[in-house]
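To keep things clear, I will list the structure first and then write my remarks on it.
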Amino acid sequence: MLMTTPGFDRIGEENAFAVLAKANALAAQGRDIINLGIGQPDFPTPDHIVEAAVKALRDGHHGYTAANGIPPLREAIAADMTMRTGVETNPDNILVVPGGKVTMYLAILLFGEPGAEIIYPDPGFPIYRSMIEYTGATPVPLPIKEENGFAFSPDDVEALITDKTRLVIINSPANPTGGVTPPEDVKRLVDILMKHPNVAVMSDEIYGRMTYDGLPHVSLGSFPELRDRLILLDGFSKTYAMTGWRLGWSLWPTPLYDKCRKLAVNAWSCVNAPAQYAGIAALTGPQDAVTAMVEAFDDRRKAVVEALNGLPGITCATPKGAFYAFPNITATGWKAKALADALLTESGVALIGGPDFGTLGEGYVRVSYAAAKDRILEAMGRMGEFLEKRAAA
């Protein structure tokens, strides 16, 4: 009998991909499926970015690159980071990685071990807890509450920190809730962390360019006093509609950087070359497509919140960022995952049940509005018909 290490028995997964597979299987049978489950922009990658990758291939950029990323891309990322945070960023602290999840993996692997505690948002991106459990560390859920606008509470973070805390994971704008933590709470978190100098923080800011109603995204990178223990996660997937390109980046404190570079050498060697040249074009080229995409998401956001609040047994707080709504379905009488499954199989609407994002996700479903507005509204109509029919029965 083959024996694997116990950590692999603790690994979870991201159920959005399981729902996507089921939705695709139903579509292959001829069903009309509206997929509001998967978290990726429904827009194409902007043309100038695609052309930069094609040019890189034609120019002969077919081989290995440096494990930490080509210098011109790291320089472009650092310049963009400096512009957005107002804090000088050194390209030598930027690590180019194959997607955002890699930064989560690296950060949690660096600090997670039996006896250590890692604080993470719940409901939150499921890979946080999955990787914490893989390392043998104790996952400590940070409650993300509807009554707080689905923003994290710095006071809740402080209450959870112990002498075993090694890492705090923060996500704003947030997946799955769409919550955005206001500037005063971000500053309060920084003040709290300054009292705990041995605690690192990973700030997942992959949706940082997607906020609404004039609410700013305040990056933890804006606070130089944290730079010696801040791991900042970002990338190109959401902002530039580049999910399949697998191009992410992260900012690391100098003492941790070489550890991560060595792990890159051992694990994935480097990120593919043409995607890195596409990344340069994304950051240094026109941003019109980004602006247009966020404006479209904003329009859909308003439409989906209004529609959800008109459905029987459903209430929905207005999300402030990302492209997700997280409606409360408690009054329908359904458990979240059961409702999501029934809506897919019976009504052809793919959603994600809240418990797939943590133990505190029960009573909610995640609705992605990264789909055409008319299809979103059709999905809302199908949901209404389903709920009314089941209530009548």
Side-chain angles (χ1 to χ4, degrees), residues 1-22 39 67 95 97-144 156-157 159-171 175-176 196 198-204 206 229 231 233 235 246 248 250 252-253 255-269 271 335-337 341 352-362 366:
M1 185 181 203
L2 299 177
M3 298 294 292
T4 59
T5 59
F8 281 91
D9 295 327
R10 298 190 293 266
I11 289 181
E13 57 183 310
E14 187 182 352
N15 199 45
F17 286 97
V19 173
L20 176 63
K22 187 172 182 179
L95 186 72
V97 289
K101 286 179 181 173
V102 177
T103 300
M104 301 173 198
Y105 175 79
L106 289 172
I108 295 168
L109 200 62
L110 277 171
F111 294 103
E113 63 179 346
E117 294 179 353
I118 297 179
I119 298 170
Y120 71 100
D122 184 345
F125 190 57
I127 304 306
Y128 303 146
R129 183 178 182 111
S130 174
M131 286 311 307
I132 294 167
E133 291 184 330
Y134 169 72
T135 66
T138 299
V140 179
L142 169 65
I144 306 299
D156 286 345
V157 175
L160 293 172
I161 293 176
T162 72
D163 58 0
K164 296 180 180 179
T165 304
R166 302 282 294 281
L167 176 69
V168 174
I169 299 174
I170 295 299
N171 176 215
N175 175 14
H196 301 278
N198 296 322
V199 175
V201 58
M202 187 192 83
S203 184
D204 182 347
I206 196 75
R229 53 202 166 105
I231 302 159
L233 183 162
R246 307 317 301 138
S250 40
W252 293 85
L256 300 181
Y257 187 86
D258 205 50
K259 298 177 188 294
C260 295
R261 183 196 61 78
K262 288 178 182 176
L263 190 55
V265 170
N266 278 268
W268 60 87
S269 296
V271 174
K335 291 291 188 181
K337 286 176 67 69
D341 188 63
I352 310 296
D356 286 327
F357 302 98
T359 56
L360 301 181
E362 185 55 77
R366 189 186 78 174

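Values in this document were obtained by computation on a predicted structure and should not be read as measured data.
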For the atom pair CE (M104) and CG (N171), what is the distance rounded to the nearest 0.5 Å?
7.5 Å
By side chain to side chain contact (heavy atoms under 4.5 Å, CB included), which residues pair with D341, not counting sequence neighbours?
K22, T345
Can you tell me which residue among T165, V201, L142 is in a side-chain contact (heavy atoms from CB on, under 4.5 Å) with V157?
L142
Please round to the nearest 0.5 Å and tell me the distance separating atom CD1 of I231 and atom CG of L106.
8.5 Å
Separation between CD1 (I127) and NZ (K101), nearest 0.5 Å, reads 4.5 Å
Can you name the side chain to side chain donor-acceptor pair (under 3.5 Å) partners of R10, sequence neighbours left out?
none
Heavy-atom nearest pair, P98 first then W268, reads CD-NE1, 3.6 Å
Below 3.5 Å, can you tabulate the donor-acceptor pairs from side chains in residues 129-137 to any protein atom, sequence neighbours excluded?
from, atom 1, to, atom 2, distance (Å)
R129, NE, E133, OE2, 2.9
R129, NH1, Y120, OH, 2.5
R129, NH2, E133, OE2, 3.1
S130, OG, G12, N, 2.8
T135, OG1, I132, O, 2.7
T135, OG1, A137, N, 3.3

So among I119, I118, D204, which one has a side-chain contact (heavy atoms from CB on, under 4.5 Å) with Y128?
D204
For D356, what residues pass the side chain to side chain contact (heavy atoms under 4.5 Å, CB included) criterion, not counting sequence neighbours?
N15, K337, I352
Where A336 and G354 come nearest, the two heavy atoms and their spacing:
CB-N, 3.8 Å
Minimum side-chain heavy-atom gap P121-I169 below 4.5 Å
yes
Measuring from atom CG of D156 to atom CD1 of I144, what distance do you get when rounded to the nearest 0.5 angstrom?
8.0 Å
Residues P141 and L160: closest non-hydrogen pair is O-CD1, 3.4 Å
side-chain hydrogen bond (donor to acceptor under 3.5 Å, both in side chains) contacts in which one or both residues fall within residues 255-266, not counting sequence neighbours:
N68-Y257, D258-R261
Would you name the heavy atoms of R366 and N175 that are closest together and state the gap between them?
NH1-OD1, 2.8 Å
Spacing of W252 atom CH2 and R229 atom CZ [to the nearest 0.5 Å]
15.5 Å
V102 and S250, any side-chain heavy atoms less than 4.5 Å apart:
no
Can you pull out every salt bridge (Lys or Arg N to Asp or Glu O under 4.0 Å) where at least one residue sits in residues 109-122? Sequence neighbours excluded, please.
E113-R166
